[in-house]
Amino acid sequence: MAEKMFGKALKRVEDPRFITGTGNYTDDIAVHGMVHAAMVRSPYPHAKIKSIDSSAALALPGVIAILTGKDLVGAGINPIPTGWLLPDLKISAHHAIQPEEVNHVGDIVAAIIAETRAIAEDAVALVDVDYDVLESVSLGSTALAAGAVQVHPEAPGNLAFDWTIGDAAATDAEFAKADKIVKLELRNHRLVPNAIEPRASLAEYKRAGDEYTLHTTSQNPHIHRVMIGAFVMGIPEHKLRIVSPDVGGGFGSKIFQYPEEVIVLFAAKKVNRPVKWTARRSESFVSDAHGRDHETVAEAAVMNDGTLLALRVNTIANLGAYLTTFAPAVPTYLYGTLLNGTYKWKAIHAHVRGVYTNTVGVDAYRGAGRPEATYVVERIVSTVARELGMDPVDIRRKNFIQPSEFPYQTPVALQYDSGNYEPAMDMALEKLGYKALRAKQAEMRKQGKYIGIGVCTYLEACGLAPSALVGSLGAQAGQWESALVRVAATGVVEVLTGSHSHGQGHETAFAQVVADELQVPVEHVVLVHGDTARLPHGWGSYGSRSAPVGLSAITMACRKITDKAKKIAAHLLEASVEDMEHVDGKYQVKGVPERSKSFFEVALMAHLAHNYPADLEPGLEATHFYDPKNFVYPFGTHLAVVEVDADTGRTKLIRYVCVDDCGPIVNPLIVEGQVHGGVAQGMGQALLENTVYDASGQLVSGSYLEYTMPRADDMVQLEIGHTVTPSPHNPLGLKGIGEAGTIASTAAVANAVIDALEPFGVRHMDMPFTSEKVWQVIHASQLAQAADD
Amino acid sequence: MQLEGFNIIHATPEQVFVALQSPDMLAKCVPGVKKLEVESEGVFKTTLEVSVGPVKGSFSGKVSVLDAVLNTSLTLKVEMRAPVGIASAIGKIILEPQDAATKVHWSGEPQLGGMIASVGARLIGGVAKAQADIFFTKLEQELTSKA
């Protein structure tokens, strides 16, 4: 019997090339005759473009062309659309190059095409743009205030959308019954994605055939083809090939269709040379879509025994200057629907206003809406516990949805299909030694040492997405996934998947599943992804969809292969197909191992087809388009322990326990890696990272001098566990794990810090918990204490 | 961010007042000057090489002298542009006689925009102070060597 690959911690087959510098990233690609683009970006957050004098730049030897917004508009290039329409959404044109007005620092006003990157960048300095500087606004609530600066004429009062979910009257009724109402004002601050590989694009144009090829850093090349081809540039899809080769991290930021992609494609045709652009890190800060940026008021109606009745949430979501690809969906359907968490709220009502500001666009960033929702729910539940004098674990246990109650209809649209929350929480508590640590915490406080324990019992909805459902909610495309499994005559299995790996290890994990399904050696399975010319249409990777959706498509395609292989084998063995079984890599007559055909024999015969069933086509390949019936609902408990130095405010993570239930695990090593990265990112938000616009609308945290990324010594060795509750509706029961770490950890760490600061009377403070901020609250408390004494 | 400081120059306020408006003197003393020419009365066109922390750039623009009060004070309006962003400032200079020397008080609020704001805003105070020290040291050298 061949060794089962599902569940094995295989080392990632892609890693040797990544860590030895032999990966094939977009910027690694050089083609004959290639020239380079550099962008002239606005230094102002809001300004009219009065004139552009590019004569000095054009005179620089090596400069080939300079493109402005008027050139693109004049050539019929359309603005970049958003991919998700909400009712009455106010949309302002997002031009690849702004023809008239810039709306954030970093907005593109011209593009230089030159023989070398250095010349192009030198020429940027020579473009004389005369601006009429306008007042600007960068904070969501400021933009909504009466008399605020108007960002776009299309959106009066800067309101892009006004969206609600849940039953307001039912929520009011529960609030009227409540013993107690607990209110929190929460700022979920803005983050910069910071993928290790900056965005890059290389466009080639062939006059023969009028064909374009774009290599670009995309999580979803077909989405890029649809948007660029059908909407922005009007290129027929068979004449636009998008290749997304090795991609060094996305976290959502490489889902979106960006201006630079349009610019290099346009330029490649115009100058009839291949054109490459690669972002400088400082450009990434002002041009990659940012994440989060919510201002929220949340109120919980509760009973004195800890029963949670209702939740009322009012959120201002800063969308930045333009609506990027998923921007309208993230603070609405990926946020409001998640506010139920793991609890039995009787009613929930959420009101979200999406607001334009003179800042970089805000869109999906690892977790996309779900970390923001989890932060609201988990912070307020812990605050309720504290104000009722309950343990944060007890209040959760009391209000959990019970295993017998699934499928569970929440008050905010989702129907949870499965879950079992207590065992995951109990496993986490045991790993941590929760009770003993609480006792130790009390002892330490007496000695002037402050640790805090943060609890987060999260749930997320991922595996985007059931197409009919998201279509009814405004998605302009379904989110099924495709797979084409092609067996070569030699038995090598090529798997073409619409999922895209930009660090997730699909080449390894997907091959494990295929190896088991087809009973072939794992090294005979080759994954192909990221090329619209080779793949069936697919929708890429985001929203933790690759395992539950992409791998489901592959599994179903493999089963079609097996069915066909059985027919071929039955014919070769002169047996009935009903009598065939697939055992140990062979197709054999049931119970008669001597009468069998190997996978190789079947594959070869499928191609030679000299002796072949009359009712079958030759060849051995199968395509499957898989549309999920529902989201999948991973959940778990994360426990963070922080230590706060009262003298310096230094706040450090000292332990982290996470028990996740992502269903059956294909590759534990990869799952753990996803959890590690996710937790680091969520912890980074809670303790370190912050995106700061100053009063004049300048991004003043635009480099690693100012923007504090988590480093190895900010992390701890995670204590990881799993429970396994399969999804009831996909073939392998898989759920997603790509975002869970981020979704859970921000709230877990925040709850830990607030818990640590309880002796100083801190009920709530906003992230990030930098040493300075923490020291300020401790110091203020100590001064107040001294004044009382 | 409001910046201010002072430097002592061993020359008279009259000498300093003239020197501060002399294109030759400015060209010699302003750190990083590549080009400085008079555009009109009290307006200089200039190109400077400046580095703020990790950001280096060639800034081009205008410096205008406003509100000059003979031998006492003047205001400088600076508008500069570079590939790395924009910098502008209104700087006030007050000359105070102090024995045989002049105490030069300077103050201003630089506005940065674009990449230089995102990378260098926190460093600008230190950079401005260092540049002022270099400038006034050189100015004093020039004035005293002539004397």
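Basis for what follows: all heavy atoms, side chains included, without hydrogens, waters or symmetry-related copies.
- In the displayed structure, B:K77 atom NZ is contacted under 6.0 Å by at most 12 heavy atoms of other residues, nucleotides or ligands.
- At most 12 non-hydrogen atoms from other residues, nucleotides or ligands lie less than 6.0 angstrom from CZ of B:F6.
- No more than 12 heavy-atom neighbours from other residues, nucleotides or ligands sit within 6.0 angstrom of CD on A:E100.
- With a threshold of 4.5 angstrom between heavy atoms, A:D122 does not approach chain B through any atom at all.
- Counting non-hydrogen atoms of neighbouring residues, nucleotides and ligands closer than 6.0 angstrom, the CD atom of B:Q2 exceeds 12 such neighbours.
- Within a 6.0 Å sphere centred on NZ of A:K773, other residues, nucleotides and ligands contribute more than 12 heavy atoms.
- Only the backbone of B:L112 comes within less than 4.5 Å of a heavy atom in chain A; its side chain stays farther off.
- Neither the backbone nor the side chain of B:A82 comes within less than 4.5 Å of any heavy atom of chain A.
- Only the backbone of A:V129 comes within less than 4.5 Å of a heavy atom in chain B; its side chain stays farther off.
- Within the model, atoms OG of A:S282 and CD1 of B:I116 stand 12.0 Å from one another, a figure rounded to the nearest 0.5 Å.
- Across all their heavy atoms, B:S118 and A:E706 have their closest contact at O-CG, 4.0 Å.
- Residues B:M115 and A:V286 are not in side-chain contact: their nearest non-hydrogen atoms beyond the backbone lie 4.5 Å or more apart.
- Heavy atoms closer than 4.5 Å to chain B are found in the side chain of A:S696, but not in its backbone.
- For B:K45, the NZ atom sits in a loose shell: 12 or fewer heavy atoms of surrounding residues, nucleotides or ligands are nearer than 6.0 Å.
- Among all heavy-atom pairs drawn from B:G114 and A:V105, the shortest one is CA-CG1, 3.9 Å.
- More than 12 heavy atoms of other residues, nucleotides or ligands sit less than 6.0 Å from atom CD of B:E109.
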